[in-house]
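Below is one structure, written out as structure tokens; comments come after it.
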4 protein chains.
Amino acid sequence: MPTIKEQASAGSDRAEQKRAEILAAAMDAFAENGYHATKISDIAGRLGMGHGTFYRYFENKLDIFVSVIDLIIEKITSIVETDYPTATNSAAEYHQQIIRLGERIFQVFRADMRFGTILFYEALGVDQALNSKLETMLDMIAMVTELYFKNGVEKGFLRQDLDTLVLSKAITGVLVAGVRDVLAAKDPEATTKRWSKAIAGLMIGGMG
Amino acid sequence: MPTIKEQASAGSDRAEQKRAEILAAAMDAFAENGYHATKISDIAGRLGMGHGTFYRYFENKLDIFVSVIDLIIEKITSIVETDYPTATNSAAEYHQQIIRLGERIFQVFRADMRFGTILFYEALGVDQALNSKLETMLDMIAMVTELYFKNGVEKGFLRQDLDTLVLSKAITGVLVAGVRDVLAAKDPEATTKRWSKAIAGLMIGGMG
Amino acid sequence: MPTIKEQASAGSDRAEQKRAEILAAAMDAFAENGYHATKISDIAGRLGMGHGTFYRYFENKLDIFVSVIDLIIEKITSIVETDYPTATNSAAEYHQQIIRLGERIFQVFRADMRFGTILFYEALGVDQALNSKLETMLDMIAMVTELYFKNGVEKGFLRQDLDTLVLSKAITGVLVAGVRDVLAAKDPEATTKRWSKAIAGLMIGGMG
Amino acid sequence: MPTIKEQASAGSDRAEQKRAEILAAAMDAFAENGYHATKISDIAGRLGMGHGTFYRYFENKLDIFVSVIDLIIEKITSIVETDYPTATNSAAEYHQQIIRLGERIFQVFRADMRFGTILFYEALGVDQALNSKLETMLDMIAMVTELYFKNGVEKGFLRQDLDTLVLSKAITGVLVAGVRDVLAAKDPEATTKRWSKAIAGLMIGGMG
DNA sequence: TATGAATGAGCTTTCATTCAT
DNA sequence: AATGAATGAAAGCTCATTCAT
């Protein structure tokens, strides 16, 4: 039984679904061949539809690429934003909190392998505005990470002289490297765990 | 006295120089506008030469872009490869060695800002083969880093249970993040030092 | 009491009215944007109707444009055709007759500014057949004008050696120029009068 | 033997000539099929050249059309501008002067039948800027004509109360009608003379 | 009868690459 | 060896028209 909202906007729902289908096909195409090598007719062809139809749902090629990127960023943002640091009573609890944040972000990329491919391989160098959008996303992750670190410093779980700004950016870099490695790994599950453990060890006690 | 190679290619010395000039111009162009937005005639125009001449020195557009990438990778590789871990007597000395490796790599990117721009912003998504080439370069850095780590573990300067493989990749990720940050920083000098210190601290003693 | 024709097409009365509505909307659109810049969906949009509906009332885009032109030409033709030269007793009366013809035609264009815009600005260069249709309309005006002139010559109100054919075409050209000028004028009323007076003077006594 | 200028700009002369060739082919195409029905490949095809070559010599389609129009307007302008009213001693001489102006303009259109076709049939409704350019050209003709008329009024060859502004526009309208008629005439030569005579008669003595 | 989603022919424009000079 | 005019494949995008609902 359709919800009221579904009934009210039956026609627009159809369109919304079609738009989603095209978006999905575009995501496949972009992940496989990148932005420039993907033709509008490729995307349309994957759905067996005429390429003119594409333009009923998206302004142009850049528009759909940005939409794809936005979709991915939104997923990551929603994870990160709902996961602000909360009160913790022990260092152990605090460490758990940080590790959970990292694992959640990992999870997003593991859930859909195309995300990483598009974000870290195909999205750069397409458009100036897109570049800064990606930068902004990484900055946002770093900012939330820094919140955790600052919180840890305040609570005394972390060193008082910690350069939280640089370290949050560094850890974001680690995150990206980890995602890339997991994307390429034969056993992503095991690889993920290995990264979690190694990074936790690094952060907590260093390498010495 | 000219070397054998120089004698054999006496006539091609000029050619070699011209090739280098074109390569330099291409590097500027690619760093400024990216692969797709750079036209062969742009590169030729920067040298005041006819764009037909370009094809006497390079196969095609992808060829020169790969050559540019190769040039950059070569520079980094030469730094990394000449810097294999050597005997160290103390942990302090060992730490110094690692930090020096990182600083040398940083140095390459700071010496020529175009390197980072091309490698981390413009080179991705151009060509499948190029993507793997970049991966390979990062892997190579990670491999050398791992050598250091294994050496440190052996000598007892680092934890015995250290996951050297993952950590070397993670540290490479930190390196990339650092280079990006320095590229965008107002005061690259200071930023570089800040990163060095923060990362050394992280690696040696963790954040706790 | 409905006429036979009205009875026969009782059901199509609504259709006829809708056709007229679409025609009116098309006239606005064509006058504003010209033939090529006007989209079928523009016309439909002005009526808040689906653009597929358009094709129930008109064959295609050219069809409706021709219909618009025909409508305008019909209006002009009806004025001109009902205004054949009649008996006049004096030169003054005769002059009045000619001037009235001109003013009536002017009136048609002043009553609906779109007529002139479409006919003299937008209709040309669309279609070969349309070009000749416009020629034909101008010829028709010229022909009626010539009838007046011939009548004037016969009655002795005009010179015996008058080249009525050429002069009728020339006066038609004046008419077109006048309409264009009035279309662009700030005070169409005054401009119309000024033209009437000047042209009457020219025709009656020349410029000398 | 090439002139100095030809020697100095040998390369640019070639280009100039090619440009002229393309312009000529475009003029044929536009005159035959109008702006919208003419494809760039049509123009290129007429010269047996690749359509990409076109873009080495012209910005785009509108650019070459404007160039064609400008060429025509320039011809007419050069006639009109070099023919300003000069001192005349008698009414007869003055009349001759006016008639000569008209005949010269006629001449331009008779010399190349495409001029009239493009200007009066194909150029309108293509582009707003082009429309005003054509208006401006007609205005310019009218302005020069008015100069003659004002001169005639001053010298006493024409009526003192003459509405020179309106009449100059009217005569320009006659001119256009005449050109159109001659373009369509079987014997353009004879038709031209007939128009000259009839218009001269109208202007000098009216129709009465 | 009305609709608007779907279609694809058809156009303009770009630019890497070739090759005659 | 150097040039740059010529080329045409290739792609994005528009919109008149069709037709299933």
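Values below: all heavy atoms of this structure, side chains included; hydrogens, waters and symmetry mates excluded. Every chain is numbered from 1 and lettered A, B, ... according to where its sequence line falls, protein lines coming before strand lines.
Heavy-atom neighbours of B/E32 CD from other residues, nucleotides or ligands within 6.0 Å: above the threshold of 12.
Side-chain contact annotation: A/E21 with A/Y57, donor-acceptor N/O pair under 3.5 Å absent.
D/I64 has its CD1 atom 12 Å from the P atom of E/dT13, to the nearest Å. In this structure, OH of C/Y55 is placed 12 Å from P of F/dC15, rounded to the nearest angstrom. Rounding to whole angstrom units, CG of residue C/N60 and C1' of F/dA16 are separated by 9 Å. Separating the CZ atom of C/F58 from the P atom of F/dA16 is a distance of 15 Å, rounded to the nearest angstrom. Distance CG (C/L62) to P (F/dC15): 17 Å, rounded to an integer number of Å. Between the CZ atom of D/F65 and the C1' atom of E/dT12 there is a distance of 17 Å, rounded to whole Å. Look at CZ on D/F54: it is 14 Å from P on F/dA6, rounded to the nearest Å. Rounded to an integer number of Å, the gap from D/R19 CZ to F/dA6 P is 14 Å.
Comparing F/dT17, F/dA6, F/dT14 by their nearest atom to the side chain of D/Y57 picks out F/dA6. With F/dT3, F/dT17, E/dA16 as the choices, the nucleotide that has an atom nearest any side-chain atom of B/R56 turns out to be F/dT3.
The distance from atom CD1 of B/I72 to atom OG1 of B/T117, rounded to the nearest 0.5 Å, is 9.0 Å. Here the straight-line distance linking atom CD1 of B/I43 with atom CE of B/M49 works out to 8.0 Å at 0.5 Å rounding. Separating the CD1 atom in C/I64 from the CG atom in C/L71 is a distance of 10.5 Å, to the nearest 0.5 Å. Remark: B/E122 CD to A/N131 CG distance equals 6.5 Å, nearest 0.5 Å.
D/D42 places a side-chain N or O within 3.5 Å of a backbone atom of D/K39 that can act as its donor or acceptor partner.
Taking 4.5 Å as the limit, every side-chain heavy atom of C/I40 sits out of range of all side-chain heavy atoms of C/N60.
Within the structure, salt bridge (Lys or Arg N to Asp or Glu O under 4.0 Å) pairs that include any residue of residues 47-64 of chain B do not occur (at least two apart or interchain).
The shortest distance between the side-chain N/O atoms of D/K18 and the OP1/OP2 oxygens of F/dA6 is below 4.0 Å.
Within residues 24-52 of chain D, the residues that have a heavy atom under 4.0 Å from DNA chain F are, in order of number, D/M49, D/G50, D/H51, D/G52.
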Output field dot_bracket for DNA chain E (Watson-Crick or G-U, both distances under 3.5 Å, | for other-strand pairs) contains .||||||||||||||||||||
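Nearer the 5' end of DNA chain E, as judged by each residue's closest nucleotide, is the contact made by C/T53, out of C/T53 and B/E59.
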